[in-house]
Enquirer: 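Quick one: the structure is below, and I'll ask about it shortly.
In what follows, every chain begins at residue 1, and chains take the letters A, B, ... in the order their sequences are listed. All figures in this text were calculated on a predicted structure; none of them were measured in a lab.
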Amino acid sequence: MDERLDRLIRGVERFVVWAAAAGGIIVLIQMLWISYGVFTRYGLGKPDRLVTEATALLLFPVAFAGLAFALREDAMPKVTMLIDRFSLRVQHIFAIINHIIMLGVGLFFAYAGVSATIRSFNSGVASEILHWPRWWFWAPGAVALVLFAIYVALRLARLFMTITAEGEV
Amino acid sequence: ETTVRLSTYVNEADIRYEGFAHFANLVAEKTGGSVKVEVFPSATLHGWSEGVDSLQGGVSDISWINADNRLPCYAVTSLYPALIDLSEQPKLDADYANLIRDEAAKQGLVPLINSNYSYDQEWWFEEPMSDIGKLDGKLVRSIGPLVSMMIETWGGEPVFVAPKEVFQSAERGVVDGINMGVATYSSWKLWDVMPHMVNANLFYGNIIYMMNKDKFDALTPEEQTAMTEAAAETEVWLQPKYEGWVDEQVAAAVAAGGTEENLSAETSAALIASVKDTWDVTVDEACGADLAGEIRTLLASHAP
Amino acid sequence: MEWYTVGLGLLILLMFFIVIGLPIPFALAAASLPFLWDIQGWSTSVVSSELKLWGVWIDYILLAVPLFVFLGELIGKSNIGPNLYQFLHQGVRLRGSAAYGSIGASAGFGAVCGSSMVGALTIGGVALPEMLRLGYGKRLSSGVLAAGGTLSVLIPPSLILLFYGIVTDQSIGDLFIAGVIPGIILVSGFVIVVLIWDRMRPEDIPTSEDAVKMPLMMILNTVGPVVLIGLVITVAIYAGIATPTEAAAVAALLTVILAFAVGGLTWQAFKDALFSTMRTMGYLGLLLSAGVLFGFVLTYYRVPQQFTELFLSFDLSPYTVLAIVIVFYIVLGMFLEPVSMTFITLPTIFPLMAAAGFDLIWFGVVYTITMEIAVLTPPVGLNLYVIQAISRDQVSIGDVIMGCLPFIGAMVLLILILIVAPDVALWLPEQMR
Ligand code: NA
Ligand code: NA
């Protein structure tokens, strides 16, 4: 059972890394596109009409693509001054509580992301200027948030299992 | 007691904010306090393009409505190339809002307050400009499809710049010109970087503040009347103050070394004529020929 | 609920979540969501959250954030960042050179990096083990590096100044340029702190240091790129050639090229830099959104409006207002981190400062210094943890905290200098006009 869960977590972590990689590629695209925009303005005397609006819209997926990755890498800013003073067992309980809260927050934002994708599929354009469908940008954000919720749920399950394991010892 | 949340993009230093405060007071007075309007300035409740989403989702009860595709006719007529005499502006706006009413109802919205900015839709340039019909490849910031089409027709290059980036772009020479209202322009302190204004009078412009229809219908008939009357009275109250404030801003900018160029009615008419037919096709498509015709008749009846 | 009940309730709930070790972005969201549900119900609060998530992140100016983070990571992951420290430490052959080298490298890295955590991590990661090995005191070593990291947010480019500019609608270019001279003064201040430290506790500084001399070519390959990239950013903004976002993109592209060409960047290190960028964006994405949501809940309950009315009713003098605001940020900075503080409190505070007659570019610099202090004060002091994590087995969090105190003193002194002589911040941006 334990091994199956670990395998599942490793499988999901592959998607977590891919999501971060996809975000990284978007950052590279933004870097190149904006630099090209500066070049066309000064080099060719003709501005790129799309660049500011399009690259700004692309920022939205980037903002959430790395969320699960940051959790995996333990890169979230947090304060451990107090809980470091407790025994490992108590720390484990705090870890469970924190994962439950993160799961709750993650599920709420994932729900909001999916709901926004569905609603923007039926309505709005991304901006008044660029008439790209807004859901193009919402959808990857929603996927990243759902991925985060799944990942944190699995980690929570593992935390529960290890505490029972410890209890047996 | 009902609380009504009014969301606006104008900030507290803007004269139009006083208009909303005035509206809130009138509503309280007329309903004996049974309806309380809370004003949220500076787009704190939602962004520029999210008025419809915010109203439909219940985040705000009254919001400005941008050129949203869910209101296709309003999207292409709330800014319309036309020469307008503003002496009967509140009447014109009320009639226009009535023509949009059915379309708004389909989205669960009721037009409530008109914020006419026809008086205040100008062009700015880094260098003095005498003829905006000859843009000679100048890069001009556009606010949407209509303005882009105009800039292209007159030989310029429309550039898309997000609102927040306008100041930086003007400062850095990303654009040579900007199309925008004086009020917004002043509050963004753009006079420093693009001081030469062309007052062209090319548009009928009206951003309507709409109310969530369910919320409106839930009010008693007396309260509904109080709301619409308060809105109409506020429009009349605000118009001279707004125009005076715009004039003041322009005068201050001219005193600081800017220039103001007023186009003659003939020049404006010629500029409008050069783009009107193209835009009319878009409007016919979005509104249907009948409604499009009614809107054009209305605007024509307010020509100078 | 009364506005002060909501304000205090939110703050207490937030503190509780932070203290039990919940990551700060989640603590912000978890504290605000119950209040949001209470006032809006489920379906409206979903829409509110959607609008806030979208509204925060569709922003061309914010686009500079991943680009500046990426740029800093590229320098850190190539040989340029580590060599910068080696060069400065060995180039200056005097007593305490490793400490002065840390300050110099932090300042130099600050000219290409906008985040104080990345700054502390990059220079600290190389310099802290080296200083401990050479026999420097734990408190001095960790303090100088934790504080040195904060130079990244006063010397442009700076994420804090960028966020400040977005919230207050001030020119990012002016803000960046305004940070230059105060940044140089703070660097001098840090040097003086080390000089005094040496007088008072000479046992913390070793008498001799073994150091290998760096070949000239390596020096050029280290200092050259940093100077060039820093210049590209500053000149592009100063001379009005490009917007800050464009400067960030062009500088990032230049950094990729230089790091590969002369900085010894490997393909693997390039990928690492990109993933590190996404790691930072991963928490910033939720942090900004949750911070804005937190602020939105306050606004919806009209807490800022009521607070402002109450505050203005006291009719305080401008300098009293300023003193209250600075103390407020230093105290709040103990419990919150800069990004969320900026998005939650600044929309309410900056109109008060403007109304009191203070220049908002000047206040941006003062504000940024209070944020530098915030990352160094416990319990929520992110740089403290970053530095301690580098040498966890040798340095305790208490050592880092104690080590930072004199450097915080230098920052407070700089705030006083700015109050007495506002031109320290405003002179340079005025030359731009
Ligand atoms: Na910096
Ligand atoms: Na702190």
Enquirer: As an exercise, state the distance from NZ of K78(A) to OH of Y283(C), rounded to the nearest 0.5 Å.
Expert: 13.0 Å
Enquirer: Below 4.5 Å from any heavy atom of chain A, which atoms of I241(C) appear? Answer side chain, backbone, both or neither.
Expert: both
Enquirer: Would you name the heavy atoms of P25(C) and M76(A) that are closest together and state the gap between them?
Expert: CG-SD, 4.2 Å
Enquirer: Within a strict 4.5 Å, meaning less than it, do heavy atoms of the R134(A) and W54(C) side chains meet?
Expert: yes
Enquirer: Tell me, for T280(C) versus chain A, whether the close heavy atoms (under 4.5 Å) come from the side chain, the backbone, both or neither.
Expert: neither
Enquirer: Quick one: list whatever passes side chain to side chain donor-acceptor pair (under 3.5 Å) with S396(C), sequence neighbours left out.
Expert: D399(C)
Enquirer: Can you check whether R72(A) reaches R279(C) side chain to side chain, under 4.5 Å on heavy atoms?
Expert: no
Enquirer: Please check: side-chain N/O of N98(A) versus main-chain N/O of I20(C), any donor-acceptor pairing under 3.5 Å?
Expert: yes
Enquirer: For W42(C) and F108(A), I'd like to know if the aromatic rings sit close, meaning centre-to-centre distance below 6.0 Å.
Expert: yes
Enquirer: In Å and rounded to the nearest 0.5 Å, what is the CG to CD1 distance from L59(A) to I61(C)?
Expert: 12.0 Å
Enquirer: Near F16(C) CZ, under 6.0 Å, is it more than 12 heavy atoms from other residues, nucleotides or ligands?
Expert: no
Enquirer: Please name the pair of heavy atoms, one in D59(C) and one in A56(A), separated by the smallest distance, quoted to 0.1 Å.
Expert: C-CB, 4.1 Å
Enquirer: Under a 4.5 Å cutoff for heavy-atom pairs, which residue among L51(C), V256(C), L53(C) has the most contacts with chain A?
Expert: L53(C)
Enquirer: Which one of A144(A), G66(A), A21(A) has the most heavy-atom pairs closer than 4.5 Å to chain C?
Expert: G66(A)
Enquirer: Go through the steps to decide whether L67(C) and V27(A) satisfy the test side-chain contact (heavy atoms from CB on, under 4.5 Å), and finish with yes or no.
Expert: CA-CA 7 Å; L67(C) 295 168; V27(A) 174; 4.3 Å; yes
Enquirer: Under a 4.5 Å heavy-atom cut-off, does chain C meet the side chain of F86(A), its backbone, both or neither?
Expert: neither
Enquirer: Answer whether the closest heavy-atom distance between the side chains of L28(A) and F270(C) falls below 4.5 Å.
Expert: yes
Enquirer: Please determine, among A116(A), P77(A), A68(A), the option with the most heavy-atom pairs under 4.5 Å with chain C.
Expert: P77(A)
Enquirer: Hey, which of A248(C), G285(C), G282(C) has the most heavy atom pairs under 4.5 Å with chain A?
Expert: G282(C)
Enquirer: Can you name the residues that form a side-chain contact (heavy atoms from CB on, under 4.5 Å) with L8(A), not counting sequence neighbours?
Expert: L154(A)
Enquirer: Out of F39(A), F64(A), Y36(A), return the one with the most heavy atom pairs under 4.5 angstrom to chain C.
Expert: F64(A)
Enquirer: Could you give the distance from CG (L284(C)) to CG (L67(A)), rounded to the nearest 0.5 Å?
Expert: 11.5 Å
Enquirer: For F148(A) and F26(C), what are the C-alpha separation, side-chain angles and deciding distance, and is it a ring pair (Phe, Tyr, Trp, His ring centres under 6.0 Å)?
Expert: CA-CA 13 Å; F148(A) 172 81; F26(C) 291 93; 5.3 Å; yes
Enquirer: With a 4.5 Å heavy-atom cut-off, do L286(C) and F109(A) have their side chains touching?
Expert: yes
Enquirer: Identify which part of L293(C) has an atom lying under 4.5 Å from any heavy atom of chain A, answering side chain, backbone, both or neither.
Expert: side chain
Enquirer: Between A70(A), G24(A), A95(A), who has the most heavy-atom pairs with chain C when the cutoff is under 4.5 Å?
Expert: G24(A)
Enquirer: Should I397(C) and M81(A) count as side-chain neighbours, where that means a heavy-atom distance under 4.5 Å?
Expert: yes
Enquirer: Where does L62(C) contact chain A at under 4.5 Å (heavy atoms): side chain, backbone, both or neither?
Expert: both
Enquirer: Restricting to side-chain contact (heavy atoms from CB on, under 4.5 Å), what partner residues turn up for A112(A), sequence neighbours left out?
Expert: V46(C), S49(C), E50(C)
Enquirer: Using a 3.5 Å distance criterion without hydrogens, assess whether the side chain of Y60(C) forms a donor-acceptor pair with backbone atoms of L57(A).
Expert: no
Enquirer: Nearest 0.5 Å, please: how far is CE in M31(A) from CG in L63(C)?
Expert: 12.0 Å
Enquirer: Which atoms of Y385(C) come close to chain A, meaning under 4.5 Å heavy atom to heavy atom: side chain ones, backbone ones, both, or neither?
Expert: side chain
Enquirer: Out of A20(A), G141(A), G104(A), which one racks up the most heavy-atom pairs below 4.5 Å with chain C?
Expert: A20(A)
Enquirer: Please tell me if the side chains of S43(C) and S115(A) come closer than 4.5 Å, counting only heavy atoms from C-beta onward.
Expert: no
Enquirer: Quick one: what part of L58(A) sits under 4.5 Å from any heavy atom of chain C, side chain, backbone, both or neither?
Expert: neither
Enquirer: First locate atom CD1 of I83(A), then atom CG of L22(C), and finally report the distance between them rounded to the nearest 0.5 Å.
Expert: 9.5 Å
Enquirer: If the contact rule is any heavy atom under 4.5 Å from chain A, which residues of residues 333-343 of chain C qualify, in numerical order?
Expert: none
Enquirer: Mind checking the CD1-CE spacing from I26(A) to M278(C)? Nearest 0.5 Å is all I need.
Expert: 7.5 Å
Enquirer: Can you confirm whether Y111(A) is buried at OH, in the sense that more than 12 heavy atoms of other residues, nucleotides or ligands lie under 6.0 Å from that atom?
Expert: no
